[in-house]
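Reminder, nothing fancy here: chain letters follow the sequence lines and each chain counts from 1.
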Amino acid sequence: MYRHLEHRLAQHVRDFLRRTYNLDLPRIVIEQPPKVEFGEYALPLAFELAKKLRKAPRKIAEEVVAKIGPIEGFEKMEVAGAGYINARVKREEVAAAIASDAKPKSEIPSGKILVEHSSINPNKAAHIGHLRNAVLGDTFVRLLQFAGRDVDVQNYIDNTGVQVADVVVGFLHLEKKSRAEIEQLARGLRFDYYCWDLYARVSQWYEQDKQNLQARAQTLHAIEEGNNETAAIADLISTTVLHRHLETMDRLDIEYDFLPRESEILRLHFWDAAFTKLKDGGVLFYETEGKNKGCWVMRRAGTSKPETTGTAEADAESVEQSQVAEEDQKVIVRSNGTVGYVGKDIAYHLWKFGLLGRDFGYRKFYLYPNGHQCWISSTNGEPDHPHFGDVAEIYNVIDTRQAEAQNTVIEALRGLGYHQQADHYTHFSYEMVALTPRCAAELGYQLSEEDKNKAYIEVSGRKGFGVKADDLIDTLIVSAKKEVDARHAQLSESERSAIATQIAVGALRYFMLKYTKPSVIAFDFNEALSFEGETGPYCQYAVVRATNIFRKGGMNPERFGRDVAPDVSMNDFEKHLNDEDANELWELWLAASKTSYMVDQCIATTEPAYLAKHAFQLAQLFNYFYHRHPILTEPDESRRKFLLATAAVVRRELIRALGVMGITVPPVM
RNA sequence: GGGCGCGUAGCUCAAACGGAUAGAGCAUCGGAUUUCUAAUCCGACGGUUGCAGGUUCGAUUCCUGCCGCGCCUACCA
């Protein structure tokens, strides 16, 4: 609703400026006044116009207010301060629209969107860093779906890379295990935990003697080759660990539609098709000297082209590819003819946009308990399958350390002339999760003096240094369960467990979303395990409180929100929202009206943290309201109904906002 | 060296494209309705927004230069 009115206001102001001053502003800036008393929207327009019209801002503001005329849904405009124009809505009309959950039509862009997230190496347990990725990615998917977009969720599986090879080396060379023994282990619980430790041991083993690295090279080669015992073991390990990852993420209600694997990118020769295009398009060139002699290379993203001389001919000459300085080159095909991961990534991204001319085979892989089917790539797939890839826009949720590699892929697309696709390729970049030195010490890691003084220490799978995702979820559930047990002893064990799980998931997902993307999360158990203050459980609790009002009053909050709220008459809305002390109540209604506005902002800025902030603010306002206004004992029936409608609307919007973050609300807390 | 990012209250973080008195949470201290459960609420304390310039009516935000920190910069992925 808030979004809708903003659009209307912007459009009206735009028309007015065109009509009155013959001005066409590229953007009408609309802000939110610091207090609701000032109105709902603020336009700093007059400041901007002052230069153009050569008049004082305040004068311009007064003129605009006097001449702009009525706007549907708006009460009036006022001049404030040095020249702000504040717009005031008709509170009762807006409230009635919110109460009836009116959904003004908005244009939904067509075209499918592909979101890739998680993409965890299938060689060890997922850790907190992967959780941040998955929660950000999954929330972004939900944001897009909320906005009405058609989304495919993909999780790229690097099942033939060094990391998987390392664990294979661990089983075969360190533990001397047979395939049957590994199969036995793979059937056990949390095989990914076993691999976590083994992977760390293998890394140590390499360091002990560099000769040991030969085992890695041989293993990797065998895996890439395929059709041999080593490759079969690698497949067994990666598939088992992948299953575990899906289970872990499913605990947080994170699901995928399709799992493209590197093994199929290799076996279905995606690279060959891409290679031809890249050579023909002049994106790749063959280096004949220097350290990259014998490699196919391209210009690394972010490196500048040589200075141009100004004339077209000289420019054409100077961008001649062989002039790319050695340090600006990115090797795509090694001198031994094998392709690196950026090359495979380019091929994969050509496929995403439907530009490769080849497709995966598909087979069913994982059926979620809720019936949702997840597919996986395969050399010879099933004949009937959904259509993946060939999309209009993509978002890759990948941490900022891979920014350069991502940009190189984008540049490759651009170099091939696929500018539109390159423009719709978004690297959804975020910072890593690290551990505070205190947290690391709590986990029993030996720290160097240097590390002890750092603000945070990077998680390292290679060193086995980090907090495993399942461990953190388990800890959260235990912690939440204690609280639930203490408060609701009368409930059954399974009910209490279910509630504790919802709270744990809410706490975790909110924790991963409350930080903006560029902020490193210095992980600390105290903060992650907190259920008070700016947390998921705080927001959930606000909903539970609202629900309790209806329960105690013998009403169904769902039905009340739908059926009874419209019965609060326009007169009643007007009476209760324009009182002496109605601002505080109106603030709550206004906040409740902003969900779809916030969703739009989150999508436009690829920043889900705004939604987390919004949910918290709404919950905060509600708790204040809850404390100030005993509803069921309110003697004035008209006012009681209005207060109930307030609670119903906030409850509905809070559930909605939390839902977009993948957070559900327990029946009681 | 080059590229990207960060530096805001004791701590962890906000501040939408440059706007009105820079806000939350935690911690500390003090308080709250025998009421729809206190996983709540209210109050206090807490700031030269790293430093120095510049642009602007207006800068935490944009530009330049310093200082400090992190990440990337492999014929690894």
Side-chain angles (χ1 to χ4, degrees), chain A residues 27 29-35 38 42 44 47 50-51 56-57 80-84 86 121 158 160-164 216 220 262 287 291-297 300-304 327-328 330-336 338 340-342 344-345 399-405 407 429 431-432 434 436 454-456 458 480 483-484 487-488 503 514-516 518-522 524 526-527 530-535 537-538 540-542 544-553 598 601-602 604-605 607 609-610 613 616-617 620 623-624 626-633 647 668-669:
Chain A
R27 275 204 21 242
V29 177
I30 299 185
E31 295 165 1
Q32 296 174 25
K35 286 177 182 165
F38 298 160
F47 300 112
K51 261 166 292 179
Y84 274 96
N86 290 335
N121 265 301
D158 181 10
T160 53
V162 267
Q163 293 213 24
V164 169
R216 171 198 270 178
L220 190 56
E262 189 175 72
E287 180 58 272
K291 76 179 173 93
N292 295 334
K293 185 177 177 184
C295 298
W296 286 89
V297 305
R300 242 172 48 204
T303 62
S304 54
E327 65 269 22
D328 291 347
K330 175 74 198 167
V331 172
I332 303 298
V333 181
R334 304 176 190 114
S335 56
N336 67 6
T338 58
Y341 100 105
V342 175
K344 290 176 225 169
D345 223 20
D399 77 63
T400 181
R401 289 173 289 194
Q402 295 208 43
E404 192 175 296
N407 288 333
S429 167
E431 264 292 355
M432 62 185 171
T436 59
K454 286 184 175 173
Y456 51 82
E458 197 173 347
E483 300 288 331
V484 177
R487 286 157 217 250
H488 302 286
I503 292 169
K514 72 191 269 195
Y515 301 92
T516 53
S519 173
V520 175
I521 297 182
D524 187 280
N526 284 348
E527 284 176 49
S530 171
F531 299 147
E532 290 167 18
E534 193 186 346
T535 66
Y538 177 96
Q540 292 170 314
Y541 185 62
V544 167
R545 285 181 131 181
T547 306
N548 284 343
I549 298 170
F550 293 97
R551 184 182 297 135
K552 267 275 158 64
M598 294 313 304
Q601 297 288 324
C602 290
T605 55
E607 182 51 271
Y610 296 137
K613 192 65 81 185
F616 175 64
Q617 277 165 358
Q620 222 177 8
N623 274 326
Y624 177 70
Y626 179 92
H627 184 255
R628 294 250 324 209
H629 303 279
I631 297 175
L632 295 176
T633 53
V668 296
M669 274 179 80

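Residue A:D345 is out of contact with every strand shown, counting any heavy-atom pair closer than 4.0 Å. Here A:A546 lies out of heavy-atom contact (under 4.0 Å) with every strand. A:I521 comes within 4.0 angstrom of no nucleic acid atom, judged by non-hydrogen atoms across all strands. Among the protein residues, A:V484 comes within range of the nucleic acid bases, having at least one heavy atom under 4.0 Å from a base atom.
When the P atom of B:rC36 is taken as reference, atom OH of A:Y541 falls 12 Å away, rounded to whole Å. Going from atom CE of A:M598 over to atom P of B:rA15 covers 10 Å, rounded to whole Å. As rounded to whole Å, 6 Å separates atom P of B:rC36 from atom NZ of A:K552. If you take CZ of A:F47 and P of B:rG58, they are 12 Å apart, rounded to a whole angstrom. Put simply, OH on A:Y626 is 12 Å from P on B:rC41, counting in whole angstrom units. Atom CD of A:E607 is separated from atom P of B:rA16 by 12 Å (rounded to the nearest Å). Whole-Å rounding puts the A:Q32 CD to B:rA20 C1' distance at 14 Å.
Taking the C1' atoms as reference points, B:rA16 lies 14 Å from B:rU60, given to the whole Å. Going from the P atom of B:rG65 to that of B:rG1 covers 14 Å, rounded to whole Å. Remark: the separation of the P atoms in B:rG43 and B:rG53 is 38 Å, to the nearest Å. B:rU12 sits 14 Å from B:rG7 when the C1' atoms are compared, rounded to a whole Å. B:rC76 and B:rC62: their C1' atoms are spaced 39 Å apart (whole Å). Nucleotides B:rA15 and B:rC72 have their P atoms positioned 25 Å apart, rounded to a whole Å.
When the side-chain nitrogen and oxygen atoms of A:Y515 are compared with OP1 and OP2 of B:rA14, none of them lie within a distance under 4.0 Å. Taking only side-chain nitrogens and oxygens, A:R487 comes nearer than 4.0 Å to OP1 or OP2 of B:rA39. Applying the 4.0 Å criterion to OP1 and OP2 of B:rC41, one finds that A:Y538 has a side-chain N or O inside that range.
In terms of position along RNA chain B, the nucleotide closest to A:A301 lies nearer the 5' end than the nucleotide closest to the other residue of the pair A:A301 and A:K35. Nearest-nucleotide assignment on RNA chain B puts the 5′-proximal partner with A:F38, out of A:F38 and A:K51.
Annotation: side chain of A:K293 is not in contact with side chain of A:S335 (no heavy-atom distance under 4.5 Å).
Here CD of A:E31 is found 10.0 Å from CG of A:N86. Values are rounded to the nearest 0.5 Å. Between the OG1 atom in A:T516 and the NZ atom in A:K613 there is a gap of 9.0 Å [rounded to 0.5 Å]. Atom CD of A:E607 and atom CD of A:Q601 lie 11.5 Å apart (nearest 0.5 Å). Separating the CG atom in A:N623 from the CZ atom in A:R545 is a distance of 4.5 Å, to the nearest 0.5 Å. Going from atom CZ of A:F550 over to atom CG of A:L632 covers 9.0 Å, rounded to the nearest 0.5 Å. Atom OG1 of A:T400 is separated from atom CD of A:E431 by 5.5 Å, given to the nearest 0.5 angstrom.
Checking B:rC13 for Watson-Crick or G-U wobble geometry (two distances, each under 3.5 Å) identifies B:rG23 as its partner. The partner of B:rG1, taking Watson-Crick or G-U wobble pairs whose two distances both stay under 3.5 Å, is B:rU73. As the counterpart of B:rC36, no nucleotide is assigned, since no Watson-Crick or G-U wobble pattern has both distances under 3.5 Å. Here B:rG7 sits opposite B:rC67 as a Watson-Crick or G-U wobble pair (both hydrogen-bonding atom distances under 3.5 Å). In a base pair of the Watson-Crick type (N1 to N3 plus N6-O4 or O6-N4) or a G-U wobble (N1-O2 and O6-N3), with each distance short of 3.5 Å, B:rG58 is matched with no nucleotide. In this structure B:rG43 sits in a base pair with B:rC29, meeting the Watson-Crick or G-U test at under 3.5 Å.
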Exercise for the section: Encode nucleotides 68-77 of chain B as B, S and - characters from 5' to 3', where the letter depends on protein heavy atoms closer than 4.0 Å: B to the base, S only to sugar-phosphate, - to neither. Expected result: --SSSS-BSB
Please list, pair by pair, any protein nitrogen or oxygen found under 3.5 Å from a nitrogen or oxygen in nucleotides 22-31 of chain B.
from   : atom 1 : to     : atom 2 : distance (Å)
B:rA24 : O3'    : A:Q620 : NE2    : 3.3
B:rG25 : OP1    : A:Q620 : NE2    : 3.3

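Side-chain proximity of A:F531 to B:rC36, B:rA39, B:rA32: nearest is B:rA39.
With salt bridges taken as basic N to acidic carboxylate O contacts below 4.0 Å, none links A:R300 and A:E327. Between A:E458 and A:R401 there is a salt bridge, with a side-chain nitrogen of the basic residue lying less than 4.0 Å from a carboxylate oxygen of the acidic one.
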Handout entry: Residue pair A:E404, A:K330: steps toward the salt bridge (charged side-chain N to carboxylate O under 4.0 Å, His left out) verdict
Key = CA-CA 10 Å; A:E404 192 175 296; A:K330 175 74 198 167; over 6 Å; no
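Residues A:F616 and A:Y538 place their aromatic rings such that the two centres sit under 6.0 Å apart.
The backbone N or O of A:Y341 lies less than 3.5 Å from no partner atom in the side chain of A:D345, so there is not a single donor-acceptor pair.
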